[in-house]
Protein chains: 2
Amino acid sequence: MPSTTVNGRHLLKNYPSGYPIPGTTTIYDTSERLDLDTVPLNGGVLAKLVVLSIDPYLRNTIKGNAPGSVQLGQPLTGFGIVKVIRSEVPAHSTGDYLSVNGLYHQEYSIFTKDQLSSAELLKADNRLPLSVHLGAAGPTGLTAFAGWKEFAKVKKGDTVFVSTAAGAVGSLVVQLAKLESLKVIGSAGSDEKVKFLKELGVDVAFNYKTTDLRDVLKKEGPIDLYWDNVGGDTLDAALENASTGARVIICGSISSYNHAATSAGVKNLLHLTSKEINLYGLSYFALAPKYDAEFKKTVIPKLADGTFKYLEDRKFGLDQAPQAMLDVQNGGNTGKSVIILSDD
Amino acid sequence: MPSTTVNGRHLLKNYPSGYPIPGTTTIYDTSERLDLDTVPLNGGVLAKLVVLSIDPYLRNTIKGNAPGSVQLGQPLTGFGIVKVIRSEVPAHSTGDYLSVNGLYHQEYSIFTKDQLSSAELLKADNRLPLSVHLGAAGPTGLTAFAGWKEFAKVKKGDTVFVSTAAGAVGSLVVQLAKLESLKVIGSAGSDEKVKFLKELGVDVAFNYKTTDLRDVLKKEGPIDLYWDNVGGDTLDAALENASTGARVIICGSISSYNHAATSAGVKNLLHLTSKEINLYGLSYFALAPKYDAEFKKTVIPKLADGTFKYLEDRKFGLDQAPQAMLDVQNGGNTGKSVIILSDD
């Protein structure tokens, strides 16, 4: 009898109606096994997941009523770093670390050559932990950088407002803004996160749970650029306090991910006409190729030398993925959420 | 006793909570009189209103809770054409017709020289009625043209959706789109308006009161450009059926003008991120100077020779203004709403 290994998977069990419920909407499943030595690769690669990225947008992939949604009983799909165990693809050698988008949330996967065509080989870099290549030095950071370069159009003296500013994307956005000496207003959901924002140099950092958003924006605005990770009423408040010619970058919408049915929606779009405001939808996949090289050249060195700061929320073991799914939706995490599966 | 003339005015009497109510929210008032021959001009101009423009956006100027709102008891402010009666400004002669923005809704006004600095002298043009210079050949048409030129970014094969397509702005937008041989979907609120849309060459014209908007867009989309005069759920439906990289031009928001408190708001802004959609706020005042010369050169001749069609909804006498205010909000008008005050 061949020796087999459990292939733990993070599966969609039930479509969530509101927030994800660990163990109910997604589960950690150990029913699948495979023989690492003999499983056929059919010209592909067998690889082990070593770090998994848990991002807010994942909530949007398990809605069930949209094309492309994950199906019940299937593993979620996302960003991760894998280590090659066996390879029949000349370009990929055993021991290589690859950053992959579109991998299944499972401990072992077999990839075809095509599936790895856009995977990135991560070279040993002692300055940054591997996991950071999924966060500030990876897709999360590139999301912030690409959106900023493409849409921000800031000028001297501008005031920038960032919601969920202590989050994985937001915390890089505020640092990009401070690098240009702009006035930055940042909201977060805990005093601990507000403290982090102050360390990042945010001029006006506040806890939106204890301080009235509209009071802050009225006093500290008007806002020339709003980086929106929240949507809903926060976006309405920003539009009310926007300057003429303001830009809004729509990066995420935590408020509507989990409350789509009951969400009040955005009521202030008419401000777009009276104040000449443009809203830009930020798509990582559309912009990443355009800004990837510049990001690597300008941002990653600043992360490595400590100019740019980041926080990670590390959990250990794929069985923690269901809880991490909830945390990134309700603010239970502080910093970029990653699941560490293995030290090697 | 000097001979005096009634100076009829269109006044804000009560802030509307929903649709304007003729005689309740705005009224025609005849309590003011003036002596046309002796009223002091203080270096300015006395002029008589001959055509008044009634536009949907006026609803937004009588909300009461916003800075810049018309105050109770005061006349509304907007676009109109006046005829100069007496002048102490060398640039303006008796008998001149001036197109003015920011005039009071009243039969006679005294303007300072500065107030007329941006007024436009209308030369005799037998090909187009004077009133059209407030509509298709004036600010309304320029709104459509400027927004189209600045934001539409259409390419061959694009599908364009226009809401309130038979309206003053919409009907020019659909003709600009057809001029570029694009597929045009247009919605309107009556079968009569749908008939007009078909005359304009609209490929898919439908009455949104009797045909399901989402069915049409699903079948005829996806939409590459949406020209939004409505907001709310119509915008949500357009976002659901938008293509990747679609543009949305926010021109007006009839749905939120009159139902701000109860409006459900826009829930689908998250589509902006997944489909790389941008929303552009169209401000007449921001764009008019940039496109005015090109508009006069390219659009007005097409109106004059009949290439571009337009409809006018003419009412006679300023006492009709309160009713016209309601009509342009609930679709009771067909074509650009103008009040004709005088034949000379």
Side-chain angles (χ1 to χ4, degrees), chain A residues 56-57 59-61 63 65-68 143 146-147 150-151 169 228-233 235-236 239-240 242 244-257 259-287, chain B residues 56-57 59-61 63 65-68 143 146-147 150-151 169 228-233 235-236 239-240 242 244-257 259-287:
Chain A
Y57 84 87
R59 174 65 183 82
N60 215 30
T61 69
K63 290 204 302 196
N65 57 356
T143 299
E150 182 80 7
F151 301 122
V169 172
D228 183 31
N229 293 311
V230 174
D233 187 59
L235 175 52
D236 271 337
L239 292 171
E240 287 165 23
T244 296
R247 289 81 59 204
V248 176
I249 299 174
I250 306 287
C251 179
S253 183
I254 280 283
S255 72
S256 68
Y257 287 145
H259 313 289
T262 56
S263 164
V266 176
K267 300 187 175 193
N268 279 340
L269 289 182
L270 200 56
H271 286 270
L272 268 62
T273 66
S274 54
K275 295 197 264 195
E276 310 157 39
I277 299 169
N278 291 339
L279 265 68
Y280 301 106
L282 168 53
S283 161
Y284 170 78
F285 297 103
L287 294 181
Chain B
Y57 84 87
R59 174 65 181 81
N60 215 29
T61 69
K63 291 204 304 195
N65 56 358
T143 299
E150 182 80 6
F151 301 122
V169 172
D228 183 32
N229 294 311
V230 174
D233 187 59
L235 176 52
D236 270 337
L239 291 172
E240 288 165 22
T244 296
R247 289 80 59 203
V248 176
I249 299 174
I250 306 287
C251 179
S253 183
I254 279 285
S255 72
S256 68
Y257 288 146
H259 312 289
T262 57
S263 164
V266 176
K267 299 186 176 193
N268 280 340
L269 289 182
L270 200 55
H271 286 268
L272 268 63
T273 65
S274 54
K275 296 197 264 194
E276 311 158 35
I277 300 169
N278 292 337
L279 265 67
Y280 301 106
L282 169 51
S283 161
Y284 170 79
F285 297 104
L287 294 181

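So you know, we letter chains A, B, ... as the sequences are listed, proteins then strands, and number each from 1.
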Contacting region of Leu235(B) [heavy-atom separation from chain A under 4.5 Å]: side chain
Quick check on the interface: out of Asp228(A), Leu272(A), Leu282(A), who has the most heavy-atom pairs with chain B under 4.5 Å? Leu272(A)
With a 4.5 Å cut-off on heavy-atom pairs, point out which of Asp236(B), Asn278(B), Leu287(B) contacts chain A the most. Asn278(B)
Would you compute the distance between atom NZ of Lys63(B) and atom CG of Leu270(A) and round it to the nearest 0.5 angstrom? 6.5 Å
The interface call for Phe285(B) against chain A, heavy-atom contacts under 4.5 Å, is neither
Heavy-atom nearest pair, Lys267(A) first then Gly265(B), reads CG-CA, 4.1 Å
Is it the side chain or the backbone of Ile250(B) that comes within 4.5 Å of chain A heavy atoms, both, or neither? both
Lys275(A) versus Glu240(A), closest heavy-atom pair with distance: NZ-O, 3.1 Å
With a 4.5 angstrom heavy-atom cut-off, is it the side chain or the backbone of Leu269(B) that approaches chain A, or both, or neither? both
Geometric class of the Tyr280(B)/Tyr280(A) ring pair [parallel <30°, tilted 30-60°, perpendicular >60°]: perpendicular
Rounded distance [0.5 Å steps], CG in Leu279(A) versus CG in Leu239(A): 6.5 Å
